[in-house]
Amino acid sequence: QLQLAESGGGLVQPGGSLRLSCVVSGVTLDNYFIGWFRQAPGKEREGVSCISDPHITTYYADSVKGRFIISKDNAKNTVYLQMNSLKPEDTALYYCAADWRPFPGFCTLVRGRYAFWGQGTEITVSS
């Protein structure tokens, strides 16, 4: 059974960086697309970034474009989210999610398209 486990959250000052990891177990990443989502207190869960094979297709929300970088290591079954130039509005609980890739290169920031979710890791950006 597919399981996801996030790590790497914490407290960081504005302008700082963090790298989140999402370890996927039970399946191999090759046939799945992976997304990162976040949910701030009192707000809806929103898509941040996603990644898919082949050719490493990636998408980013406008709010993080140019600051966040998603990557994956299929050998380690792990997806990363490098977050740079963090802002207080990036404060949220960050989740990774996965689902079966219907065709090569598919991924989406639509929350309802994902069947499998991790428990989340918390990011606080504050001075």
Side-chain angles (χ1 to χ4, degrees):
Q1 182 178 355
L2 192 157
Q3 293 185 318
L4 304 104
E6 306 94 335
S7 63
L11 173 65
V12 62
Q13 292 187 340
S17 298
L18 280 176
R19 188 177 80 157
L20 303 183
S21 299
C22 173
V23 178
V24 182
S25 60
V27 298
T28 57
L29 279 182
D30 308 57
N31 295 317
Y32 288 79
F33 61 95
I34 308 295
W36 283 100
F37 291 76
R38 66 185 182 186
Q39 188 165 16
K43 294 191 176 181
E44 294 282 321
R45 192 172 300 188
E46 62 175 357
V48 174
S49 184
C50 66
I51 190 166
S52 182
D53 284 323
H55 311 305
I56 310 299
T57 302
T58 59
Y59 291 106
Y60 296 92
D62 288 343
S63 58
V64 305
K65 206 170 291 184
R67 299 188 298 123
F68 290 10
I69 301 170
I70 192 169
S71 62
K72 65 201 300 274
D73 184 336
N74 284 357
K76 296 182 178 180
N77 249 31
T78 301
V79 176
Y80 304 98
L81 186 68
Q82 177 66 43
M83 305 185 296
N84 302 318
S85 302
L86 283 161
K87 305 175 182 179
E89 51 263 43
D90 294 318
T91 295
L93 191 58
Y94 283 71
Y95 299 88
C96 63
D99 210 325
W100 180 265
R101 190 189 69 212
F103 55 83
F106 176 86
C107 78
T108 178
L109 298 184
V110 175
R111 181 180 62 186
R113 191 57 184 80
Y114 290 81
F116 303 96
W117 291 83
Q119 294 299 307
T121 184
E122 190 166 1
I123 306 295
T124 302
V125 184
S126 175
S127 55

Check: With clusters built from Ile, Leu, Val, Met, Phe, Trp and Tyr whose side-chain heavy atoms come within less than 4.5 Å, directly or transitively, what are the remaining members of the cluster of Phe37, listed by chain and number?
Finding: Phe33, Leu93, Tyr95, Phe103, Phe106, Tyr114, Trp117
Margin query: With a 4.5 Å cut-off on side-chain heavy-atom distances among I, L, V, M, F, W and Y, is there a chain of contacts connecting Trp100 to Leu109?
Written below: no
Note to self: Looking at every heavy atom in both Gly47 and Ala61, which two are closest together, and how far apart are they?
What the structure shows: O-CB, 3.4 Å
Note to self: I'd like to know if Lys87 and Asp90 make a salt bridge, using a cut-off of under 4.0 Å between side-chain N and carboxylate O.
What the structure shows: no
Check: Which residue pairs pass the ring-ring contact (aromatic ring centres under 6.0 Å, His included) test with at least one member in residues 59-93, sequence neighbours excluded?
Finding: none
For residues 4-32, tabulate all N or O donor-acceptor pairs below 3.5 Å that involve a side-chain atom, not counting sequence neighbours.
{"residue": "Glu6", "atom": "OE1", "partner": "Gln119", "partner atom": "N", "Å": "3.1"}
{"residue": "Glu6", "atom": "OE1", "partner": "Gly120", "partner atom": "N", "Å": "2.9"}
{"residue": "Glu6", "atom": "OE2", "partner": "Cys96", "partner atom": "N", "Å": "2.9"}
{"residue": "Glu6", "atom": "OE2", "partner": "Gly120", "partner atom": "N", "Å": "3.2"}
{"residue": "Ser17", "atom": "OG", "partner": "Asn84", "partner atom": "OD1", "Å": "3.0"}

Checklist line | Residues that Lys43 engages under side chain to side chain donor-acceptor pair (under 3.5 Å), provided they are two or more places apart | finding: none
Note to self: Glu44: which residues meet the salt bridge (Lys or Arg N to Asp or Glu O under 4.0 Å) condition with it, sequence neighbours left out?
What the structure shows: Arg111
Checklist line | Residue pair Thr58 / Ile70: nearest heavy atoms and the distance that separates them | finding: CG2-CG2, 3.6 Å
Next item on the list: Sequence neighbours left out, what pairs pass salt bridge (charged side-chain N to carboxylate O under 4.0 Å, His left out) with at least one residue falling in residues 115-127?
Entry: none
Notebook entry, point to check: Can you name the residues that form a side chain to side chain donor-acceptor pair (under 3.5 Å) with Asn74, not counting sequence neighbours?
Noted result: Asp53, Lys72
Next item on the list: Any pair with a residue in residues 94-104 that passes salt bridge (charged side-chain N to carboxylate O under 4.0 Å, His left out), sequence neighbours left out, goes on the list, sorted by first then second residue, please.
Entry: Asp99-Arg113
Check: For the side chain to side chain contact (heavy atoms under 4.5 Å, CB included) test, which of Ile34, Val48, Thr121, Val64 pairs with Leu81?
Finding: Val48
Margin query: Would the distance check show the side chain of Thr124 and the main-chain N or O of Thr91 forming a donor-acceptor pair, the cut-off being under 3.5 Å?
Written below: no
Next item on the list: For Arg45, enumerate each residue passing the salt bridge (Lys or Arg N to Asp or Glu O under 4.0 Å) test, keeping only those at least two apart in sequence or located in another chain.
Entry: none
Item checked: Smallest separation among heavy atoms of Thr57 and Gly105, with atom names -> CG2-O, 3.3 Å
Margin query: Restricting to side chain to side chain donor-acceptor pair (under 3.5 Å), what partner residues turn up for Tyr94, sequence neighbours left out?
Written below: Arg38
Next item on the list: Any disulfide bond (SG atoms under 2.5 Å apart) involving residues 44-86? Give me the pairs, sequence neighbours left out, ordered by first then second residue.
Entry: Cys50-Cys107
